[in-house]
Amino acid sequence: MAGSGALLRQCPLLLPQNREGTVYEGFVTVQDRDFHIRILLPSDFQLKNARIHCSWRLKKVLHGYHQIVKQRLQHCSDLVSFMVELKTILEAALKNTQELHEPPPPEYYSYLVRDIETLGWNKVVYVDTGLNTIKLKGEDSCGRQHLITLKLNAKYPAEPPDCCVDFPVEFAISWIPQSSLVDIYNQFLAALESLKEFWNAMDEIDEKTWVLEPENPTRSATMRRIAIGNNVSINLEVDPRHPTMLPECYFLGADHVVNPLRTKLNNNMHLWDPDITLLQNLKEVLETDFPSRAVLEKTDFTMDCGICYAYRLDGAIPDQVCGDSRCGQPFHQACLFEWLQGLPSSRQSFNVIFGECPYCNKPISVKMSMKKL
């Protein structure tokens, strides 16, 4: 958009992270200090529905200003004007807060050391030299290892630490001034057990199918794109709170292959049984098996993009396929869009561009990505 240059001038360290321009990450600089921030915009770019992820240091500076920030999100017309107002808020907050690097009082260290000794040093993975950052390890009842990172400030334990976990859902701790690391750790273990069935389902998928995306899934990842056959895959979005229920499913591939799978899913949906695993349900409902990475080679059912001749492009794999059964050539969405855009014979209707397959000249179309901010 026209304001992209203005955004660069206001926040040169805040950069787009995807082609659509819906994710921005970097730093906002105020009074020669850089504060890490991540901004997630909805597909319609409405700021009122945006999500802001702040570093623990930025959260501390904005403590007491959250309502003002929310109001600015509601009323600002674009990202540039919001960042200008956010910097103004930060200027005021920094003037009215204590120095961020003010050393904690001596009792902070004695209380924290006693806390760690009560919890057990065997649960500690990392402690920085200032005793401000602590990483703890925990294990769920299935033997999976998990980490929780605690960022403490000088007012601990009167104020709770910031907790960072690799969870698919928000982890909010219950805290009173008399709480301790033991209380956080117990809440952490309880949260692990509540997500056990979700991770069981995802682990089974990872172990028994060929997961095309993401390449190295984190514990917070709820999406899996699974290979079904030659240039055909299914994209699953699993609800971490209800992992045995039917997930959101989206098929990728040529219509002549994908349409029968969609029909089976619609006709057999009533057979879904929450008492058996998600993967077993998918096999029965789709009446198919999923090829395993252990027994098949990549070349058995994946092909490089027919335009750029690469398999991965900016992390994406070819997900647009020529619908002609005699061709079936896959392409990256971005590559196909640029190719069709350059053809004088192509036409566009709303957000879809229509043209001819670069290989067989049969009709093909692709949705264009949202323009960057």
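Residue Thr209 holds its OG1 atom at 9.5 Å from CG of Leu282, rounded to the nearest 0.5 Å. With rounding to the nearest 0.5 angstrom, the OG atom of Ser141 is 3.5 Å from the CD atom of Glu193. A distance of 8.5 Å separates OG1 in Thr244 from CH2 in Trp272, rounded to the nearest 0.5 Å. Interatomic distance, CD of Glu25 versus CG of Asn18, reported as 11.0 Å (0.5 Å rounding). Taking CD from Gln67 and CG from Leu62, the interatomic distance works out to 13.0 Å, rounded to the nearest 0.5 Å. We find the CD1-CD1 distance between Ile148 and Ile184 to be 6.5 Å, quoted to the nearest 0.5 Å.
The ring-ring contact (aromatic ring centres under 6.0 Å, His included) contacts involving residues 125-154 comprise His146-Trp199, where partners must be two or more places apart or lie in separate chains.
Using a 4.5 Å cut-off between side-chain heavy atoms of Ile, Leu, Val, Met, Phe, Trp and Tyr, with links allowed through other members, Leu86 and Val23 fall into different hydrophobic clusters. At a threshold of 4.5 Å between side-chain heavy atoms, the hydrophobic network of Ile, Leu, Val, Met, Phe, Trp and Tyr places Ile89 and Leu7 in one connected group. Transitive grouping of hydrophobic side chains (ILVMFWY, heavy atoms separated by less than 4.5 Å) brings Trp175 and Leu152 into a common cluster. In the hydrophobic clustering of ILVMFWY residues, with side-chain heavy atoms under 4.5 Å counting as a link, Leu265 and Leu252 come out apart. Hydrophobic clustering (side-chain heavy atoms under 4.5 Å, transitive across Ile, Leu, Val, Met, Phe, Trp, Tyr) groups Ile52 together with Leu94.
Side-chain contact between Val232 and Val321: absent, with no pair of heavy atoms (C-beta onward) separated by less than 4.5 Å. Under the 4.5 Å side-chain criterion, counting only non-hydrogen atoms from C-beta, Leu41 is not in contact with Gln46. Within the 4.5 Å cutoff, the side chain of Glu204 has no heavy atoms near those of the Leu278 side chain. The side-chain heavy atoms of Pro157 and Ser180, taken from C-beta on, include no pair separated by under 4.5 Å. Contact of the Ile226 side chain with the Ser233 side chain is not registered, since no non-hydrogen atoms from C-beta on lie closer than 4.5 Å. Put simply, the side chain of Phe188 does not reach to within 4.5 Å of the side chain of Leu136, judged on heavy atoms. In this structure, Val28 and Met83 have side chains that are in contact, with non-hydrogen atoms separated by less than 4.5 Å. Considering only heavy atoms from C-beta on, Arg224 comes within 4.5 Å of Pro214 through its side chain.
Judged by distance alone, with hydrogens and angles left aside, the side-chain atoms of Asp166 form a donor-acceptor pair with the main-chain N or O of Arg219 at under 3.5 Å. A donor-acceptor pair under 3.5 Å is absent between the side-chain atoms of Gln320 and the main chain of Val366, judged by distance alone. With hydrogens and angles disregarded, a donor-acceptor distance shorter than 3.5 Å links the side chain of Asp140 to the backbone of Arg144. One N or O on the side chain of Thr277 and one on the backbone of Gln280 form a donor-acceptor pair closer than 3.5 Å. No side-chain donor-acceptor contact under 3.5 Å links Tyr24 to the backbone of Ile37. Side chain of Tyr65 to backbone of Leu90: no donor-acceptor contact under 3.5 angstrom is found. Under a 3.5 Å cut-off, the side chain of Asn49 and the backbone N or O of Pro42 do not form any donor-acceptor pair. Side-chain atoms of Thr29 do not come within 3.5 Å of backbone N or O of Asp32 as any donor-acceptor pair. A donor-acceptor pair is defined here as one N or O able to donate and one able to accept, closer than 3.5 Å; no such pair exists between the side chain of Asp115 and the backbone of Tyr111.
Between Leu112 and Tyr156 the shortest heavy-atom distance is CD1-CE2, 3.9 Å. Taking each heavy atom of Gln10 and Val80 in turn, the nearest pair found is CG-CG1, 4.5 Å. Taking all atoms of both residues into account, the shortest heavy-atom contact from Leu340 to Ser365 is CD1-CA, 4.5 Å.
Between His66 and His63, the two ring planes are perpendicular [angle over 60°; tilted spans 30° to 60°].
For Asn216, the CG atom is loosely surrounded, since the number of other residues' heavy atoms within 6.0 Å does not exceed 12. More than 12 non-hydrogen atoms from other residues, nucleotides or ligands lie less than 6.0 angstrom from CE of Met269. For Tyr250, the OH atom counts as loosely surrounded, since its 6.0 Å shell holds 12 or fewer non-hydrogen atoms of other residues, nucleotides or ligands. Lys87 NZ: more than 12 foreign heavy atoms inside a 6.0 Å radius. No more than 12 heavy atoms of other residues, nucleotides or ligands sit less than 6.0 Å from atom NE2 of His75. Environment of CD in Gln71: crowded, with over 12 heavy atoms of neighbouring residues, nucleotides or ligands closer than 6.0 Å.
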List the steps, then state whether salt bridge (Lys or Arg N to Asp or Glu O under 4.0 Å) holds for Asp162 with Lys60. CA-CA 10 Å; Asp162 287 336; Lys60 182 178 179 181; over 6 Å; no
Apply side chain to side chain contact (heavy atoms under 4.5 Å, CB included) to the pair Asn259 and Phe251, showing each step before the final yes or no. CA-CA 9 Å; Asn259 287 338; Phe251 293 98; over 6 Å; no
Lys362 vs Glu356, side chain to side chain contact (heavy atoms under 4.5 Å, CB included): CA-CA, chis, key distance, verdict: CA-CA 5 Å; Lys362 292 298 173 66; Glu356 297 176 348; over 6 Å; no
Might you work through the side chain to side chain contact (heavy atoms under 4.5 Å, CB included) test for Asn153 and Asn132, ending with a clear yes or no? CA-CA 7 Å; Asn153 60 53; Asn132 301 122; over 6 Å; no
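Contacts of Phe27 classified as ring pair (Phe, Tyr, Trp, His ring centres under 6.0 Å), with partners at least two apart in sequence or in another chain: His36. For Glu197, the salt bridge (charged side-chain N to carboxylate O under 4.0 Å, His left out) test picks out no residue, with sequence neighbours left out. Considering only residues two or more places apart in sequence or on other chains, Lys123 meets the salt bridge (charged side-chain N to carboxylate O under 4.0 Å, His left out) condition with none of them. The salt bridge (charged side-chain N to carboxylate O under 4.0 Å, His left out) search around Glu159 returns Lys155, not counting sequence neighbours. Every residue two or more places apart in sequence or in another chain that forms a ring pair (Phe, Tyr, Trp, His ring centres under 6.0 Å) with Phe171 is listed here: Phe167.
Residues Glu139 and Gln145 have side chains that bring a donor and an acceptor to within less than 3.5 angstrom of each other. A donor atom on one side chain and an acceptor atom on the other are found under 3.5 Å apart for Asn268 and Glu287.
Geometrically, Arg347 engages Phe354 in a cation-pi contact defined by less than 6.0 Å to the ring centre and at most 45° from the axis.
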